[in-house]
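Quick note: residue numbers are just sequence positions, from 1. In what follows, every heavy atom counts, from backbone to side chain, and hydrogens, waters and symmetry copies are set aside. Both counts, for ligands and for their atoms, begin at 1 and track the order of listing.
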Amino acid sequence: MTLRGYEERLRRAGIGPARSDVTALAAHVLGISNASVMARYGDEITGDAAASLEAAVSRREAREPLQYIIGKWEFYGDEYVVSPSCLIPRPETEMLVEYGISRLSRGDRIADLCCGSGCIGIALCRHAGVICDAVDVSADALDVARLNAERLGVAGMIEFHNSDVTVGGGVSCKYKMIFANPPYIKSGVMDALEPEISYEPALALDGGVDGMKFYRSIMDNYGDYLDADGEFVFEIGYDEGAAIADEADARGYYAVVYNDFSSLPRMAVVKRKTRE
Ligand code: GLN
């Protein structure tokens, strides 16, 4: 089959970006650049390469995320290993990294709760020179995060801790910022998500009935670990701006909500209210 033929198969499976997905899969399987793939787009693929590409395209046809088939993905300009034990890094999450870079100084201490692949904490170690404690409930996710820290040269700047943030733990000092992209999808809509998301760990997505479960636990269990002027920097769901502001207010904090590049609420910076 030609790459054009594979593209048609993905289109029939309902995959919108069929051409870019086939290009990425072929570049991965053939070990060549996207530009070289484009040059071979009309050629018949044969032999071992055809068998490998067939296997990869079949997985994508079944709506497995491209990122899990390729096994790596870019976040903030760096290549991360990804596996079904952690969420695939999303471009929206780069917003939290940018916020951190604009306000943190070399040597500052931060935490990254529910760290998954480690992308937030690792990107901040690399690009802001901070020291990070990263926490996740999943030992498998932490294995991926440790591997990423090593591959990206920051293993000496980040420590990983296996703790459940609904219980607390995994942190040991005061932090200038505590980042978290916790599970925040409302349990009731988990079944209505795109088929690709069913391959991602529900543990990393399901935020309880109102999607707020983990923010509540984090504010309750980790507030004492913020510097006097420290901040929680949360990724939130597009419809959770008002809810996070209420949860913060009820605990003596206030939230400033920022929109992402789709003009949807995506980040909440939560700080202590100053006393009158
Ligand atoms: N951004 C993810 C999504 O929309 C959710 C991430 C999360 O729950 N932390 O699928």
Side-chain angles (χ1 to χ4, degrees), residues 14-17 63-69 73-76 80 82-100 111-124 134-138 140-142 144-145 148 163-166 170 177-219 221-222 232-244 247-248 255 257-270:
I15 293 163
R63 304 297 293 265
E64 185 171 344
L66 178 68
Q67 295 89 338
Y68 289 154
I69 304 171
W73 200 239
E74 192 183 295
F75 179 80
Y76 212 78
Y80 285 77
V82 295
S83 89
S85 56
C86 49
L87 218 60
I88 297 160
R90 308 284 205 269
E92 296 91 309
T93 306
E94 293 181 353
M95 192 179 172
L96 279 70
V97 173
E98 260 162 19
Y99 182 85
D112 177 6
L113 306 181
C114 308
C115 70
S117 65
C119 62
I120 297 174
I122 291 171
L124 286 165
V135 178
D136 205 280
V137 71
S138 159
D140 290 343
L142 288 173
V144 175
N148 281 321
S163 280
D164 177 349
V165 299
T166 65
M177 292 186 184
I178 297 181
F179 291 81
N181 176 15
Y184 59 66
I185 309 278
K186 296 177 184 61
S187 305
V189 303
M190 285 289 292
D191 288 343
L193 302 173
E194 292 167 39
E196 278 79 2
I197 296 189
S198 66
Y199 286 86
E200 295 192 88
L203 184 70
L205 292 163
D206 189 340
V209 177
D210 62 355
M212 288 288 117
K213 175 177 162 189
F214 290 90
Y215 304 111
R216 279 193 284 267
S217 292
I218 290 171
M219 285 188 272
N221 295 333
Y222 293 90
F232 288 114
V233 183
F234 293 141
E235 180 169 322
I236 59 168
Y238 69 93
D239 56 353
E240 294 179 339
I244 194 75
E247 297 291 346
V257 173
Y258 294 80
N259 287 355
D260 64 15
F261 41 70
S262 309
S263 301
L264 295 169
R266 183 62 59 189
M267 178 172 82
V269 175
V270 173

Query raised in the report: Is the side chain of N181 donor-acceptor paired with the backbone N or O of E235 at a distance under 3.5 Å, no angle test?
Result: no

Query raised in the report: Would you say L66 and W73 make side-chain contact, with heavy atoms under 4.5 Å?
Result: yes

Report task. For the residue pair E240 and E247, establish whether any side-chain heavy-atom pair is separated by less than 4.5 Å. Result -> no

Query raised in the report: Distance only, no hydrogens: is a donor on one side chain within 3.5 Å (strictly under) of an acceptor on the other, for S138 and D136?
Result: no

**Report entry** Contact residues of ligand 1 (heavy atom under 4.0 Å), by chain and number
**Finding:** L87, R90, N181, P182, P183, Y184, I185, I197, A204, L205, E235

Requested in this report: For S83 and S85, indicate whether the former's side chain and the latter's backbone hold a donor-acceptor pair under 3.5 Å.
Outcome: yes

Query raised in the report: Does some side-chain heavy atom of Y238 sit less than 4.5 Å from a side-chain heavy atom of R266?
Result: yes

